[in-house]
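Have a look at the structure below, then the notes.
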Amino acid sequence: MWVYEKKLQYPVRVSKCDPLMAKFLMEQYGGADGELAAALRYLNQRYTIPDKVVGLLTDIGTEEFGHLEMIATMIYKLTKDATPEQLKKAGLGAHYVAHDSALFYENANGVPWTASYIQAKGDPIADLYEDIAAEEKARATYQWLIDLTDDVDLQDSLKFLREREIVHSMRFREAVEILKEKRDEKIFF
Amino acid sequence: MTIILNEEYYQLLHELQAVDFVLVELNLYLDTHPADVNAIQQYNQYAKLRQQIAHRYETKYGPLKNFGQSLTGTPWSWNEAPWPWQV
Ligand SMILES: [Fe+2]
């Protein structure tokens with residue numbers, strides 16, 4: 001069961017209408033290393049991972065939905081006052097034709113999200129290594145996004161998300177160690 | 001309940017977001033360090049503080065959670081704006 005909380009995890013403010021930046025941010029909305037992929041990856045893997053790390057996957061997966069809502073808020077705020085002409089100029093003409101100003105799970109190039117972005121191998125170490133890689137790729141993407149905007153308000157929220165990826169990566173690395181310890185215990189006895 | 005998006009609103013919202021951030025951090029930390037008694041103490045301490053701040057927020061601005069996880073006043077204001085992306 002999930003319960004919705006009517007607030008963002010961290011404030012999202014933007015200082016101008018910027019549909020081009022919104023287009024870039026779609027990479028973290030519906031892209032391969034984005035927040036939707038992260039949430040769905042972890043929450044799906046948790047059913048067959050050893051009990052010791054189910055809590056961690058549940059909690060990080062849930063937090064990723066909060067990040068998805070933050071990215072959605074950025075895209076919404078950056079495009080809500082844009083005219084069709086401005087969207088077209090920003091490379092969102094095709095998006096406008098298919099979706100008006102609605103959000104859609106697609107990457108920065110307009111490619112729709114696909115489950116082939118994520119994996120569940122059933123092997124706990126393989127799954128956790130994928131999760132660590134996903135966090136590192138998301139961290140890098142946030143850095144490139146920060147580099148692409150001069151909006152300090154937007155940068156502030158993006159820096160928060162970048163730091164969260166670092167923490168998630170660290171926790172997943174610790175989960176690997178916990179599982180390795182368990183595995184070695186079994187071999188020893 | 002009409003919410004006026006003034007300084008007071010944002011301040012209380014930030015207070016809630018700040019304490020919730022501490023709780024998310026402690027929660028993930030405890031998931032991989034379940035024997036850390038100090039962290040558990042902090043977690044419970046912040047959870048109590050969280051309840052107080054959430055109560056103050058909800059009294060002024062309406063329920064934060066659905067499905068009976070928050071008490072509601074009259075009239076039903078859960079489905080009223082502003083939603084998180086609108087503030
Ligand atoms: Fe993450």
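Keep in mind it's a predicted model, so treat the numbers as computed, not measured. Proteins come first, then strands; the chains are lettered A, B, ... in the order of their sequence lines, and each starts at number 1.
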Heavy-atom contact with chain B under 4.5 Å, split by part of [X]:
{"X": "Met74(A)", "value": "neither"}
{"X": "Glu177(A)", "value": "neither"}
{"X": "Phe160(A)", "value": "side chain"}
{"X": "Val3(A)", "value": "both"}
{"X": "Glu5(A)", "value": "both"}
{"X": "Ile178(A)", "value": "side chain"}
{"X": "Tyr4(A)", "value": "both"}

How about [atom1] on [X], more than 12 heavy atoms from neighbouring residues, nucleotides or ligands closer than 6.0 Å, or not?
{"X": "Lys16(A)", "atom1": "NZ", "answer": "yes"}
{"X": "His55(B)", "atom1": "NE2", "answer": "no"}
{"X": "Trp2(A)", "atom1": "CH2", "answer": "yes"}
{"X": "Tyr46(B)", "atom1": "OH", "answer": "no"}

Exercise. With respect to chain B, which residue among Arg164(A), Met70(A), Glu63(A), Glu69(A) yields the maximal number of heavy-atom pairs within a distance under 4.5 Å?
Worked result: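 The option with the most such pairs is Arg164(A).
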
Point-to-point distance, once rounded to the nearest 0.5 Å, from [atom1] of [X] to [atom2] of [Y]:
{"X": "Leu30(B)", "Y": "Leu56(A)", "atom1": "CG", "atom2": "CG", "answer": "11.5 Å"}
{"X": "Ile60(A)", "Y": "Asp31(B)", "atom1": "CD1", "atom2": "CG", "answer": "7.5 Å"}
{"X": "Leu16(B)", "Y": "Leu8(A)", "atom1": "CG", "atom2": "CG", "answer": "11.5 Å"}
{"X": "Trp85(B)", "Y": "Leu103(A)", "atom1": "CH2", "atom2": "CG", "answer": "10.0 Å"}

Is chain A contacted by the side chain of [X], its backbone, both, or neither, given a heavy-atom distance below 4.5 Å?
{"X": "Leu64(B)", "result": "both"}
{"X": "Pro82(B)", "result": "backbone"}
{"X": "Asn66(B)", "result": "both"}

Exercise. So which of Arg173(A), Lys52(A), Glu174(A) actually passes side chain to side chain donor-acceptor pair (under 3.5 Å) with Thr32(B)?
Worked result: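 Result: among Arg173(A), Lys52(A), Glu174(A), Glu174(A) is the only option passing the side chain to side chain donor-acceptor pair (under 3.5 Å) with Thr32(B).
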
Mind checking whether [X] and [Y] sit in one hydrophobic cluster, side chains of I, L, V, M, F, W, Y counted as touching below 4.5 Å?
{"X": "Val54(A)", "Y": "Tyr129(A)", "value": "yes"}
{"X": "Ile53(B)", "Y": "Val22(B)", "value": "yes"}
{"X": "Leu28(B)", "Y": "Tyr43(B)", "value": "no"}
{"X": "Leu57(A)", "Y": "Leu36(A)", "value": "no"}
{"X": "Ile146(A)", "Y": "Ile166(A)", "value": "no"}

Student check: side-chain heavy atoms of [X] and [Y] closer than 4.5 Å:
{"X": "Gln86(B)", "Y": "Lys77(A)", "result": "no"}
{"X": "Tyr29(B)", "Y": "Arg171(A)", "result": "yes"}
{"X": "Gln9(A)", "Y": "Gln17(B)", "result": "no"}

Exercise. Looking only at heavy atoms, what is the nearest atom pair of Lys6(A) and Trp78(B), with distance?
Worked result: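 Scanning both residues, the minimum pair turns out to be NZ-O, 2.5 Å.
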
